[in-house]
Amino acid sequence: MSLTHRPRRLRRNPAIRRLVKETHLTVDDLIYPMFVMEGENTRVEVPSMPGAYRFTLDLLLKEIAEVYDLGINAIALFPAVPDEKKDVTGSESYNPDGLIQRSVRAIKQAVPDILVITDVALDPFTTHGHDGILDENGIILNDPTVEVLVKMSLSQALAGADMVAPSDMMDGRIGAIRQALDEHGYEHVSILAYSAKYASAYYGPFRDALGSAPKSGDKKTYQMDPANTREALKEVYLDIAEGADIVMVKPALAYLDIIAKVKEATDLPVAAYNVSGEYSMIKAAAQLGWIDEKKVMLETLTSMKRAGADIILTYFAKEVAQILGVHPRY
Ligand SMILES: NCC(=O)CCC(=O)O
Ligand SMILES: [Mg+2]
């Protein structure tokens with residue numbers, strides 16, 4: 001054949017493929033979500049998330065020092081709150097000596113250069129497991145919930161959090177948190193907004209990890225319908241107008257189209273959350289010997305970057321760092 005174009009020429013060998021590779025996954029892109037619990041000298045593997053652990057603070061500090069040395073620059077911290085500290089309004093969430101606040105202070109002492117991102121949502125702290133305050137009929141009350149989220153954000157900023165990450169999906173919380181942070185001298189604390197968070201069944205294993213599944217009902221009055229695209233853009237635009245520094249799409253894998261559209265819609269960095277169910281599916285299939293875990297993991301995370309994610313929150317972060325090798329901070 002006399003062909004002018006032979007695309008296969010650029011796939012001939014590894015060197016040429018490296019040269020024309022369009023998407024690069026690096027450790028710099030990753031945020032490592034980590035679970036902290038009360039107690040000492042204990043780590044418990046999450047049964048539905050092999051390789052992910054809940055750590056007591058002493059062991060968490062060692063793990064964080066290790067992952068920082070591997071090149072990971074940022075962690076997102078989630079608390080497993082004991083039942084006796086939960087109540088209907090989630091008041092433990094803004095206790096200045098709560099588990100999260102103590103953990104942030106200790107992490108910033110032990111590993112000052114790692115970026116500490118705290119979760120702003122009530123579900124780990126409420127007896128009912130919802131992200132909001134309920135009225136007598138079980139309806140989530142938006143504005144009273146935002147008041148608690150503001151207190152929670154301020155207590156996290158006071159503890160030393162570098163970035164707060166509201167994951168609750170209440171309306172108006174980004175603006176309210178931004179204003180409160182600024183008024184209290186925390187204008188340097190940034191906001192990673194869970195802007196398009198879908199009511200997804202992929203969160204199951206995470207709720208196992210924290211014991212935070214809703215006791216009744218579902219989260220469909222605040223998290224988004226998986227069928228919707230334009231609504232995601234509306235949420236993103238609102239969060240940007242309210243002062244978000246980074247916008248997020250969550251989950252990631254079944255929402256690559258949303259990531260791509262959000263990327264086109266904004267110049268802000270776009271984050272994607274490779275959630276627990278996405279992690280556990282790969283782990284489970286690999287344990288059965290049905291897929292090559294390492295290759296599927298890297299292909300999956302690369303797809304998120306290709307779709308437009310600048311930042312990926314992933315439970316695979318440590319494994320990726322181990323595979324890619326220690327990343328020079330230049
Ligand atoms: N607010 C954080 C989450 O809900 C994480 C969900 C997951 O990893 O499944
Ligand atoms: Mg919103």
Side-chain angles (χ1 to χ4, degrees), residues 27-43 52-82 85 92-121 124-125 149-167 177-178 180-194 209-210 243-246 248 269 271 273 311-315 317-318 321 326-330:
V27 182
D28 278 346
D29 307 321
L30 306 179
I31 296 174
Y32 194 17
M34 302 184 87
F35 305 121
V36 62
M37 63 177 180
E38 297 283 3
E40 274 174 27
N41 198 27
T42 312
R43 66 166 207 180
Y53 298 84
R54 282 188 309 243
F55 294 93
T56 56
L57 181 53
D58 51 350
L59 297 192
L60 183 73
L61 295 176
K62 290 190 186 146
E63 182 72 6
I64 290 174
E66 194 183 315
V67 302
Y68 184 72
D69 285 344
L70 282 169
I72 293 173
N73 291 303
I75 59 159
L77 204 55
F78 296 96
V81 179
K85 297 236 165 111
E92 177 65 13
S93 65
Y94 52 88
N95 175 356
D97 284 315
L99 176 59
I100 280 295
Q101 290 81 358
R102 274 184 280 123
S103 301
V104 172
R105 284 198 293 270
I107 296 164
K108 291 309 296 185
Q109 276 251 302
V111 192
D113 292 332
I114 205 160
L115 197 75
V116 177
I117 304 168
T118 45
D119 184 57
V120 180
F125 301 95
L149 298 173
V150 164
K151 288 190 203 172
M152 188 173 172
S153 304
L154 287 173
S155 80
Q156 294 170 348
L158 174 67
D162 297 289
M163 188 179 283
V164 296
S167 65
I177 291 169
R178 184 69 272 159
L181 288 172
D182 291 353
E183 281 169 9
H184 288 80
Y186 300 118
E187 62 285 328
H188 55 281
V189 173
S190 41
I191 300 180
L192 165 59
Y194 286 65
L210 297 190
D245 296 288
I246 301 174
M248 196 202 295
Y273 201 136
I311 299 166
I312 305 171
L313 288 89
T314 179
Y315 306 100
K318 187 177 177 185
V326 174
H327 188 65
R329 291 184 169 93
Y330 57 86

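Being a predicted model, the structure only gives us computed values, none of them experimental.
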query: What distance do Ser167 atom OG and Tyr273 atom OH have between them, rounded to the nearest 0.5 Å?
result: 8.5 Å

message: I'd like to know whether Ile72 forms a side chain to side chain contact (heavy atoms under 4.5 Å, CB included) with Val27, so could you lay out the CA-CA distance, the side-chain angles of the two residues, the decisive distance to 0.1 Å, and finally the verdict.
response: CA-CA 6 Å; Ile72 293 173; Val27 182; 3.8 Å; yes

query: Does the side chain of Leu313 come within less than 4.5 Å of Met248's, by heavy atoms?
result: yes

field: Atom CD of Glu40: over 12 foreign heavy atoms under 6.0 Å
entry: no

query: Which value, rounded to the nearest 0.5 Å, describes the distance between Lys62 atom NZ and Thr56 atom OG1?
result: 9.0 Å

query: At their closest point, which heavy atom of Val104 faces which heavy atom of Ala161, and how far apart are they?
result: CG1-N, 3.4 Å

- line: The single option from Ile75, Leu70, Thr314, Ile64 that satisfies side-chain contact (heavy atoms from CB on, under 4.5 Å) with Tyr32 is Ile75

message: Within the 4.5 Å heavy-atom criterion, are Lys108 and Asp162 side-chain neighbours or not?
response: yes

message: When you compare the side chain of Tyr68 with that of Ile107, does any pair of heavy atoms fall below 4.5 Å?
response: no

- request: Answer yes when Arg178 and Asp182 have at least one side-chain N-carboxylate O distance shorter than 4.0 Å, and no when they do not.
  value: yes

field: Under 3.5 Å donor-acceptor, Arg43 side chain and Phe55 backbone
entry: no

field: Shortest non-hydrogen contact between Val36 and Ser103, atoms and distance
entry: CG2-OG, 3.7 Å

query: Yes or no on side chain to side chain contact (heavy atoms under 4.5 Å, CB included) for Val164 and Leu181, after CA distance, side-chain angles and deciding distance?
result: CA-CA 10 Å; Val164 296; Leu181 288 172; 4.2 Å; yes

task: For the residue pair Met163 and Asp245, establish whether any side-chain heavy-atom pair is separated by less than 4.5 Å.
output: no

query: What do the steps show when you test Val111 against Leu61 for side chain to side chain contact (heavy atoms under 4.5 Å, CB included), and what is the final call?
result: CA-CA 8 Å; Val111 192; Leu61 295 176; 6.0 Å; no

query: Which atom names give the shortest non-hydrogen contact between Gly39 and Asp58, and what distance separates them?
result: O-OD1, 4.5 Å

Met37 and Thr42, any side-chain heavy atoms less than 4.5 Å apart: yes

Close side-chain approach of Asp29 to Ile311, heavy-atom, < 4.5 Å: no

- prompt: For the atom pair CG (Asp97) and CG (Leu99), what is the distance rounded to the nearest 0.5 Å?
  reply: 11.5 Å

task: Evaluate the side-chain proximity of Phe78 to Pro33: yes if any heavy-atom separation is below 4.5 Å, no if none is.
output: yes

field: From Asp119, Ile100, Leu77, residue fulfilling side-chain contact (heavy atoms from CB on, under 4.5 Å) relative to Gln156
entry: Ile100

query: If you round to the nearest 0.5 Å, how far is CZ of Arg54 from CG of Leu59?
result: 13.5 Å

query: Looking at Ala165 and Ile117, what are the two nearest heavy atoms and their distance?
result: CB-CG2, 3.7 Å

message: Looking at every heavy atom in both Ala317 and Ile31, which two are closest together, and how far apart are they?
response: CB-O, 4.4 Å

- request: Inspect the surroundings of CD in Gln109 and state if more than 12 heavy atoms from other residues, nucleotides or ligands are less than 6.0 Å away.
  value: no

message: Please find the pair of heavy atoms, one from Glu38 and one from Pro82, that lie closest to each other, and give the distance.
response: CG-CG, 4.0 Å

- request: Assess the side chains of Asp28 and Asn73: does a donor N or O sit below 3.5 Å from an acceptor N or O?
  value: yes

message: A side-chain contact here means heavy atoms from C-beta on lying under 4.5 Å apart; do Tyr94 and Leu154 qualify?
response: no

task: Taking only Lys NZ, Arg NE, NH1 and NH2, and the carboxylate oxygens of Asp or Glu, determine whether Lys318 and Glu63 approach each other closer than 4.0 Å.
output: yes

